[in-house]
Amino acid sequence: MTLLARLASDVQLMFRRPPRQQYGAICYRVKKKSGEVEVLLLTSRDTGRWVIPKGWPMSGKCAHEVAAQEAFEEAGVRGVAETETLGAYTYPKVLRDGVQVVCKVQVYALEVTDMAKNFKEKGERRIEWVSLDEAAGRVREPELRGLFLAFKRKMTERLSAKAAKQIPAE
């Protein structure tokens with residue numbers, strides 16, 4: 001096989017390769033006074049774009065546990081990750097060797113209960129709490145934008161149902 005034929009074969013394989021799997025978290029909190037839902041966004045280390053915490057599978061950990069671990073390492077937040085996925089989105093990632101791959105991120109909701117002062121990637125990223133609408137406006141990936149908006153609907157329903165249960169019946 002000539003070098004050119006091999007390169008052509010490698011390029012074809014690269015385009016046929018399935019997306020690489022990652023797991024991520026939409027980290028959220030509900031403000032006590034207003035009942036408003038805020039989500040955590042952080043900047044990526046390489047491009048500075050707004051993203052959610054995410055990472056590669058870890059042996060011995062379930063997908064939602066990986067999402068929680070990444071949230072702690074990248075943003076210093078701890079909490080309870082739901083075991084049911086909110087959905088997924090894809091994005092192009094440039095690996096250390098310069099090869100670009102497509103990653104598929106399975107996303108889980110994580111209710112933040114604690115924020116650490118020190119964590120692995122402190123100082124490497126900017127972190128901000130924003131509304132779900134603001135988060136949807138800041139992220140570049142259309143599928144992730146859709147997940148934020150779907151999560152907003154889910155939380156509106158969940159909080160309305162919770163408020164209805166707390167109103168005493170006459």
Side-chain angles (χ1 to χ4, degrees), residues 14-32 34-58 61-95 99-115 119 121 124-165:
M14 197 167 64
F15 287 114
R16 268 192 300 195
R17 185 175 292 148
R20 305 264 181 109
Q21 184 68 59
Q22 289 190 314
Y23 303 110
I26 289 182
C27 304
Y28 73 96
R29 65 185 182 191
V30 180
K31 289 176 138 183
K32 283 189 173 85
S34 67
E36 184 187 349
V37 177
E38 289 184 316
V39 290
L40 186 88
L41 286 182
L42 50 122
T43 54
S44 67
R45 290 186 295 186
D46 51 355
T47 64
R49 73 186 193 287
W50 291 104
V51 297
I52 61 172
K54 63 189 168 306
W56 305 108
M58 298 175 190
K61 286 193 188 271
C62 296
H64 69 281
E65 293 170 327
V66 172
Q69 179 70 35
E70 291 297 333
F72 179 69
E73 289 178 8
E74 295 181 5
V77 295
R78 288 190 180 94
V80 180
E82 294 180 11
T83 57
E84 191 176 316
T85 182
L86 292 171
Y89 72 97
T90 56
Y91 76 101
K93 179 173 183 63
V94 178
L95 301 176
V99 173
Q100 183 171 316
V101 297
V102 174
C103 291
K104 181 179 181 180
V105 184
Q106 209 167 304
V107 180
Y108 296 86
L110 183 140
E111 185 172 11
V112 175
T113 57
D114 185 44
M115 293 185 68
F119 51 95
E121 296 183 15
E124 296 179 31
R125 304 169 181 273
R126 275 181 46 211
I127 297 170
E128 284 187 34
W129 286 99
V130 298
S131 71
L132 282 154
D133 289 331
E134 177 73 17
R138 285 192 191 187
V139 295
R140 288 188 191 162
E141 300 81 7
E143 295 164 309
L144 180 55
R145 186 173 299 129
L147 288 176
F148 277 121
L149 297 175
F151 185 64
K152 178 183 178 181
R153 288 189 297 274
K154 180 178 181 172
M155 289 303 294
T156 300
E157 290 170 12
R158 188 184 288 176
L159 294 171
S160 294
K162 187 178 177 183
K165 284 182 184 174

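Donor-acceptor pairing under 3.5 Å is recorded for the side chains of S44 and D46.
A salt bridge links R158 to E82: at least one charged side-chain nitrogen sits closer than 4.0 Å to a carboxylate oxygen. Salt bridge R29/E38: present, at least one basic N to carboxylate O contact under 4.0 Å. Taking 4.0 Å as the cut-off between side-chain N and carboxylate O, E157 and R153 do not count as a salt-bridged pair. Under a 4.0 Å N-O distance rule, the pair R45/E121 qualifies as a salt bridge.
Counting all heavy atoms, side chain and backbone alike, Y108 lies closest to L86 at C-CD1, 4.0 Å. Taking each heavy atom of A63 and Q106 in turn, the nearest pair found is CB-NE2, 4.4 Å. E143 and A88 get closest at one heavy-atom pair: CB-O, 4.2 Å. F72 approaches F119 most closely through the heavy-atom pair O-CB, 3.5 Å. When all heavy atoms of S131 and V39 are compared, the pair lying nearest together is O-CG2, 4.0 Å. For the residue pair C103 and W56, the shortest heavy atom distance occurs at SG-CH2, 3.7 Å.
When atom types are taken as modelled, the side chain of R78 and the backbone of D114 share no donor-acceptor pair closer than 3.5 angstrom. Judged by distance alone, with hydrogens and angles left aside, the side-chain atoms of E128 form no donor-acceptor pair with the main-chain N or O of L41 at under 3.5 Å. Remark: the backbone N or O of T43 is paired with a side-chain donor or acceptor of R125 at under 3.5 angstrom.
Taking CD1 of I26 as the start and CD of E111 as the end, the distance is 14.0 Å to the nearest 0.5 Å. Summarising the geometry, atom CD1 belonging to I52 is positioned 13.5 Å from atom OH belonging to Y23; distances are rounded to the nearest 0.5 Å. Here L132 contributes atom CG and E36 contributes atom CD; the two are 8.5 Å apart, rounded to the nearest 0.5 Å.
Counting heavy atoms from C-beta outward, T156 and V37 have side chains that stay 4.5 Å or more apart. Looking only at side-chain heavy atoms (C-beta outward), L42 and L40 come within less than 4.5 Å of each other.
For the pair K54 and Y91, the distance from NZ or CZ to the six-membered ring centre is under 6.0 Å and the angle to the ring normal is within 45 degrees.
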> Checking side-chain contact (heavy atoms from CB on, under 4.5 Å) for the pair V80/L110: CA distance, chi angles, key distance, verdict?
Replying inline: CA-CA 5 Å; V80 180; L110 183 140; over 6 Å; no
>> Pair Q69, K61 - check side-chain contact (heavy atoms from CB on, under 4.5 Å), show working.
In response: CA-CA 9 Å; Q69 179 70 35; K61 286 193 188 271; 3.8 Å; yes
> Would V94 and V99 count as a side-chain contact (heavy atoms from CB on, under 4.5 Å) if you check the C-alpha gap in whole Å, the side-chain angles of each, and the deciding distance to 0.1 Å?
Replying inline: CA-CA 6 Å; V94 178; V99 173; over 6 Å; no
> Does the side-chain contact (heavy atoms from CB on, under 4.5 Å) test come out yes or no for V51 and L144, once each step is laid out?
Replying inline: CA-CA 9 Å; V51 297; L144 180 55; 5.8 Å; no
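The only member of E141, K104, R145 that meets side chain to side chain contact (heavy atoms under 4.5 Å, CB included) when paired with Y89 is E141. Of the listed residues (M58, Q22, E65), just one forms a side chain to side chain contact (heavy atoms under 4.5 Å, CB included) with E70, and that residue is M58.
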